[in-house]
Amino acid sequence: MSGKRRGFPLELEKVGTPASRAPSAAREPLRPQRLLHQAALDASRLATPSGLGLDSAHVRQRMIDRLRAEGLRGEAVFDAMGRVPRHHFVDTALANQAYEDTSLPIGHGQTISKPSVVARMIGLLYEGTNARRDGHLGRTLEIGTGCGYQTALLACMARHVVSIERLRPLFDKARINLAPWRLDQVRLVHGDGMLGHAPRAPYDSLIAAAGGDDLPAAWLDQLAVGGRLIAPMQSAGGGQVLVVVDRSAAGWTRSQHEGVHFVPLKSGVV
Ligand code: SAH
């Protein structure tokens, strides 16, 4: 866990523009950044239906208690889950299911992963050699930004996060969802994650939210010595499983874990 808390103690209702600083067409020229920021504020208000009590840290704490009761472990990820409002990242109509342990549609045929799967994967990532040594995920690469929820969790636990999304509308959605927190340590990329992201390599931690038949060579190449990669992948038996790869000075070691259901990893951008 990096000692510094970044942004996420902010309650959503405090993210609004104070009336005294409300944009005024007469006084300020319109700038694209202003429009993006305003869209983020509107999105956060929309995703916070009054009366559901979703702003309360208690709802998130109950979700974490349930994950603990299921046997999941990892204080750093639970701490991040306590700070990141998952309902902010899903459509208004689904916001009341945001703290159930379920995957939810985020549009364009994609889904936000179940909290238990997210906790499990990040928990495994934390057991990588460099992460255990440093107490945080270090330089991190995420493949499949989706709505940006997991990106926000990673931002609480990593030195720097690069997150890649191939679908332009989801890349835009994640940018808007994450904008209110102004996370300087996060870089969102619209691109093909199968190629990794060479400019910021090597990575101490690499996590994929979409699974293919094998692990792209770029991911293995861009992993730091002491780094760990976790991804869903087709197993020889046919089902999809979680695969962990550790890189040491001697090479790469692969281990296989439980079965999962992730959306397919696809090449190219849309
Ligand atoms: N963790 C995300 C889950 C999104 S679902 C969340 O919290 O919302 C997986 C995402 O992977 C989808 O948005 C899909 O478009 C994306 N994806 C699939 N193949 C990809 C690739 N080659 N590069 C980048 N993103 C990819």
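In each ligand, atom 1 is the first atom listed, and ligand 1 is the first ligand listed.
- The atoms of ligand 1 that sit less than 4.0 Å from any heavy atom of Ile106 are 8 (O).
- Nearest protein neighbour of atom 9 (C) of ligand 1, counting heavy atoms only, is Ala209 O, 3.3 Å.
- Contact annotation: the side chain of Pro202 never approaches that of Gln222 to less than 4.5 Å [non-hydrogen atoms, C-beta and beyond].
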Starting from the C-alpha separation in whole Å, work towards a yes-or-no answer on side-chain contact (heavy atoms from CB on, under 4.5 Å) for Lys114 and Val117. CA-CA 5 Å; Lys114 282 165 77 154; Val117 172; 4.1 Å; yes
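- Using a 4.0 Å cut-off between a side-chain N of Lys or Arg and a carboxylate O of Asp or Glu, Arg66 and Glu100 do not qualify as a salt bridge.
- The nearest protein atom to atom 13 (O) of ligand 1, hydrogens excluded, is given as Glu165 OE1, 2.7 Å; this is a heavy-atom distance.
- Contact annotation for Ala210 and ligand 1: only side-chain heavy atoms (C-beta onward) come within less than 4.0 Å of the ligand.
- When side chains are defined from C-beta on, Arg73 does not count as touching Tyr126, because their heavy atoms never get closer than 4.5 Å.
- Assignment of Pro264 to the shell around ligand 1 is supported, since a heavy atom sits closer than 4.0 Å.
- Look at Arg175 and Asp172 and you find a salt bridge, because one of the NZ, NE, NH1 or NH2 atoms lies within 4.0 Å of a carboxylate O, short of that distance.
- Here atom 2 (C) of ligand 1 lies nearest to Thr145 when heavy atoms of Val90, Leu195, Ile143, Thr145 are compared.
- In terms of protein heavy-atom proximity, atom 23 (N) of ligand 1 is closest to Gly193 N, 2.7 Å.
- The shortest heavy-atom distance from Val269 to ligand 1 is not under 4.0 Å.
- Residue Ile122 is grouped with residue Met63 when hydrophobic side chains (ILVMFWY) are merged at heavy-atom distances under 4.5 angstrom, including chains of intermediate members.
- Taking hydrophobic clusters as Ile, Leu, Val, Met, Phe, Trp and Tyr residues chained together by side-chain heavy-atom distances below 4.5 Å, Leu229 does not share a cluster with Leu124.
- In this model, no donor atom of one side chain and acceptor atom of the other lie less than 3.5 Å apart for Thr253 and Asp246.
- Against a heavy-atom cut-off of under 4.0 Å, Val263 is close to the following atoms of ligand 1: 5 (S), 9 (C).
- Residue contacts with ligand 1, taken as heavy atom pairs separated by less than 4.0 Å, involve Thr111 solely via the backbone atoms N, CA, C and O.
- Against a heavy-atom cut-off of under 4.0 Å, Tyr149 is close to the following atoms of ligand 1: 7 (O).
- Scanning the protein for heavy atoms near atom 11 (O) of ligand 1, the closest one is Gly144 CA, 3.2 Å.
- Remark: minimum distance from atom 25 (N) of ligand 1 to any protein heavy atom is reached at Arg166 N, 3.3 Å.
- At the shortest separation from atom 7 (O) of ligand 1 among protein heavy atoms lies Gln150 N, 3.5 Å.
- The heavy atom nearest to atom 8 (O) of ligand 1, considering only Ser113, Cys147, Gly107, is found in Cys147.
- The part of Gln110 lying near ligand 1 is the side chain, judged by heavy-atom distances below 4.0 Å.
- With hydrogens and angles ignored, the 3.5 Å screen pairs a side-chain donor or acceptor of Lys173 with a backbone N or O of Ile106.
- A salt bridge between Arg139 and Asp204 is absent, with no side-chain N of the basic residue lying under 4.0 Å from a carboxylate O of the acidic one.
- Interface of Leu167 with ligand 1, defined as ligand atoms under 4.0 Å from a residue heavy atom, comprises 15 (O).
- Inclusion of Leu170 in the set of residues having an N or O under 3.5 Å from an N or O of ligand 1 is not warranted.
- The ligand atoms of ligand 1 that sit less than 4.0 angstrom from a heavy atom of Met194 are 22 (N).
- In Val118, neither the side chain nor the backbone holds a heavy atom less than 4.0 Å from any atom of ligand 1.
- Side-chain polar atoms of Ser163 and Thr145 form a donor-acceptor pair below 3.5 angstrom.
- Counting protein heavy atoms only, atom 19 (N) of ligand 1 is closest to Lys266 N, 3.1 Å.
- Aromatic rings of His88 and Trp181 (six-membered ring for Trp) have centroids within the 6.0 Å cut-off, being under it.
- Around NE2 of His257, the count of heavy atoms belonging to other residues, nucleotides or ligands within 6.0 Å exceeds 12.
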